[in-house]
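To start, the structure itself, in structure tokens.
Note that the structure is predicted; figures quoted are calculated from it, not measured. In listed order, ligands and their atoms are each counted from 1. We're numbering straight along the sequence, starting at 1.
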Amino acid sequence: MADTDFDYDLFVIGTGPGGEGAAMQARKGGLRVGIAERYRQIGGGCTHWGTIPSKALRYTITNTMNVLKNPVFRELGIHASPTMEQLRRGTAEIIAKQVTMRQSFYDRNNVPIYFGHARFIDEHTVEIENGETIRSKAFVISTGARPYRPPEVDFDHPRIFDSDTILGLAEKPSSITIYGAGVVGTEYASMFRNIGVKINLVNTRGKLLEFLDDEIVDALSYHLRDQGVVIRHNETFERIEGQDDGVVLHLQSGKQIKTDVLLWANGRTGNTDDLGLENIGLVPNSRGQLDVDDQFQTAKEHIYAVGDVIGYPSLASAAYTQGRAAGMHVLGRKDGNLRVNDLPTGIYTSPEISSVGQTERELTEACVPYEVGQSQFKSLARAQIMGTTVGMLKILFHRDTLKILGVHCFGANASEIVHIGQAVMDSKDLNLEYFIETTFNYPTMAEAYRVAALNGYNRLF
Ligand SMILES: Cc1cc2nc3c(=O)[nH]c(=O)nc-3n(C[C@H](O)[C@H](O)[C@H](O)COP(=O)(O)OP(=O)(O)OC[C@H]3O[C@@H](n4cnc5c(N)ncnc54)[C@H](O)[C@@H]3O)c2cc1C
């Protein structure tokens with residue numbers, strides 16, 4: 001078929017980070033690009049009910065609590081307890097700023113946005129819900145995911161929430177049960193604990209966040225418990241009973257946990273229903289996700305899928321890079337050397353956690369000769385000044401080549417400082433010696449790299 005048979009070279013479904021990354025990359029490369037969005041504003045779940053609102057609320061909570069805990073305020077007799085509405089107030093403003101900024105990307109680059117639910121009617125045609133049809137040579141499906149809702153749980157009950165609805169909580173509860181201790185569950189446990197809510201964190205597995213380095217997981221568990229979070233591992237729900245004055249979680253082990261409200265944070269489902277996949281011969285898996293190859297192509301090579309709709313790692317950061325990689329592939333540039341598999345993890349608990357590269361467990365299993373260098377934040381001048389002495393940076397490096405193999409960090413600014421380690425890890429020329437030989441600003445948290453590198457170097461014999 002000739003190019004003139006198509007309205008677009010690439011049509012993207014969904015304006016979250018995955019869709020935006022794909023659309024902008026392809027458009028900058030000179031392709032004709034259009035995009036569909038079924039929500040009333042662009043930005044995706046990331047902007048409206050996931051990353052941005054949750055991080056904005058966390059920031060407000062952390063700052064407010066730091067101020068209220070300040071001895072000067074206590075001396076003045078200030079003991080305020082902000083309401084949910086007050087804590088949430090800034091969030092809408094940040095969302096609006098994000099939408100305006102992201103809208104300008106589409107406007108400036110002449111990428112038309114079609115508002116309405118899009119579904120395939122054949123391999124080269126989608127229909128928007130107003131009946132308009134669009135023909136395109138290639139497609140990117142970036143429709144995201146939503147919380148998995150088991151049919152037996154009554155999500156219409158006013159005390160039962162999932163991660164999409166919890167931010168609308170009218171009043172601060174006195175207690176909450178969080179069922180599911182993945183990233184979202186653990187982050188909300190930390191956030192609510194910081195405003196004094198009693199927390200039961202119920203984990204269906206034996207450890208928190210098993211994909212992290214063991215030492216970091218142990219530290220997180222210790223600090224959450226120390227803050228008063230009750231964590232129960234290896235539990236499975238039997239039923240959830242919404243009552244007028246609370247919610248009872250009945251567990252298969254026979255335990256019953258009653259709290260003011262319950263947050264269901266267990267599992268997500270890809271947004272593939274009513275996408276017309278049956279019309280193009282694509283079949284999602286049982287979690288509604290699409291399978292893709294290394295280039296993010298589905299079984300139909302001109303139809304790509306990126307972001308949460310393909311499952312792991314389900315991060316905005318990854319979705320954006322995947323979208324760009326798909327856009328580059330459509331342009332015929334493979335993935336343009338994007339490091340789609342070099343993904344850092346940022347978990348916004350208190351303490352914050354971030355890591356990149358391999359864990360000690362993985363290196364041990366692979367029999368890689370590695371050594372560890374550590375820096376405790378309590379011995380850093382900057383941490384002492386800021387009063388953020390909880391934390392640690394850990395560098396894993398090859399004993400012989402001194403190449404950086406992994407960086408694992410928890411504590412203040414972990415998600416920022418991990419990128420210094422990531423840059424050195426990815427460099428062909430740099431290794432542990434970079435941290436030993438480089439002058440760091442003083443006092444900084446980044447100085448932890450020099451301390452950890454020297455600590456590790458001195459262990460070599
Ligand atoms: C509470 C919470 C906190 C999070 N925190 C972080 C974090 O700190 N860091 C991080 O990296 N990630 C975080 N995430 C994950 C992150 O939000 C997602 O990974 C990211 O939004 C995925 O991007 P996406 O483009 O795949 O999908 P989304 O951002 O979900 O966008 C998909 C878009 O597609 C639209 N759409 C769906 N179907 C159709 C259709 N048929 N037609 C038209 N439009 C359609 C939807 O309306 C939506 O706008 C968090 C998630 C949650 C729930």
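Between the side chain of H408 and the backbone N or O of Q358 there is at least one donor-acceptor pair closer than 3.5 Å. Remark: side-chain polar atoms of Q227 are paired, donor with acceptor, to backbone N or O of S350 under 3.5 angstrom.
The side chain of K55, and not its backbone, has at least one atom closer than 4.0 Å to an atom of ligand 1 (non-hydrogen atoms only; side chain from C-beta on). With a heavy-atom cut-off of 4.0 Å, D164 does not touch ligand 1 at all. Under 4.0 angstrom from ligand 1, the non-hydrogen atoms of S142 all belong to its backbone.
Protein heavy atom closest to atom 37 (C) of ligand 1, with residue, atom name and distance, is T143 O, 3.3 Å. For atom 28 (P) of ligand 1, the closest non-hydrogen atom of the protein is G45 N, 3.4 Å. Protein heavy atom closest to atom 49 (O) of ligand 1, with residue, atom name and distance, is E37 OE1, 2.8 Å.
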**OP:** Take D7 and R32 through the test salt bridge (charged side-chain N to carboxylate O under 4.0 Å, His left out) and record every step on the way to the result.
**Re:** CA-CA 8 Å; D7 303 307; R32 296 170 302 161; over 6 Å; no

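E215 and Q374 are linked by a side-chain donor-acceptor pair at a separation below 3.5 angstrom, with hydrogens and angles left out of the test. Side chains of S175 and K258: a donor-acceptor N/O pair is absent below 3.5 angstrom, by distance only. With 3.5 Å as the limit, one finds a donor-acceptor pair spanning the side chains of Q103 and D107. In the model, T133 has no side-chain atom that pairs as donor or acceptor with a side-chain atom of T125 under 3.5 Å.
Near I13, meaning under 4.0 Å from any of its heavy atoms, are these atoms of ligand 1: 40 (C), 42 (N), 43 (C). Every atom of ligand 1 with a heavy atom of G16 under 4.0 Å away is listed here by number and element: 25 (O), 29 (O), 31 (O). The atoms of ligand 1 that sit less than 4.0 Å from any heavy atom of G144 are 26 (O), 27 (O), 30 (O), 32 (C). The P17 neighbourhood of ligand 1 comprises atoms 23 (O), 25 (O), 29 (O), with distances under 4.0 Å to a heavy atom of that residue. Atoms of ligand 1 lying under 4.0 Å from at least one heavy atom of G307, given by number and element, are 26 (O). Each of the following atoms of ligand 1 lies closer than 4.0 Å to a heavy atom of S317: 11 (O). Listed by number with element, the atoms of ligand 1 under 4.0 angstrom from any heavy atom of L275 are 41 (N). Of all atoms in ligand 1, listed by their number and element, those nearer than 4.0 Å to a heavy atom of G18 are 25 (O).
Of the listed options R38, Q41, E129, H117, R38 places a heavy atom closest to atom 36 (N) of ligand 1. With atom 50 (C) of ligand 1 as the reference point, the heavy atom nearest to it among T51, L167, L315 is part of T51. The nearest non-hydrogen atom to atom 20 (C) of ligand 1, considering only A316, A145, G50, comes from A316.
Distances shorter than 4.0 angstrom occur between a heavy atom of S54 and an atom of ligand 1. Ligand 1 has no atom lying under 4.0 Å from any heavy atom of P313. Distances shorter than 4.0 angstrom do not occur between any heavy atom of E20 and any atom of ligand 1.
Atom OH of Y222 has 12 or fewer heavy atoms from other residues, nucleotides or ligands within 6.0 Å.
When each of D308, D162, D273, D164 is paired with R146, the salt bridge (Lys or Arg N to Asp or Glu O under 4.0 Å) condition holds for D273 and for no other.
Across every non-hydrogen atom of R205 and H233, the tightest pair is O-CB, 3.4 Å. Heavy atoms only, all atoms of each residue included: G43 and T47 are closest at O-OG1, 2.9 Å.
Remark: aromatic rings of Y39 and F115 are distant, center separation not under 6.0 Å.
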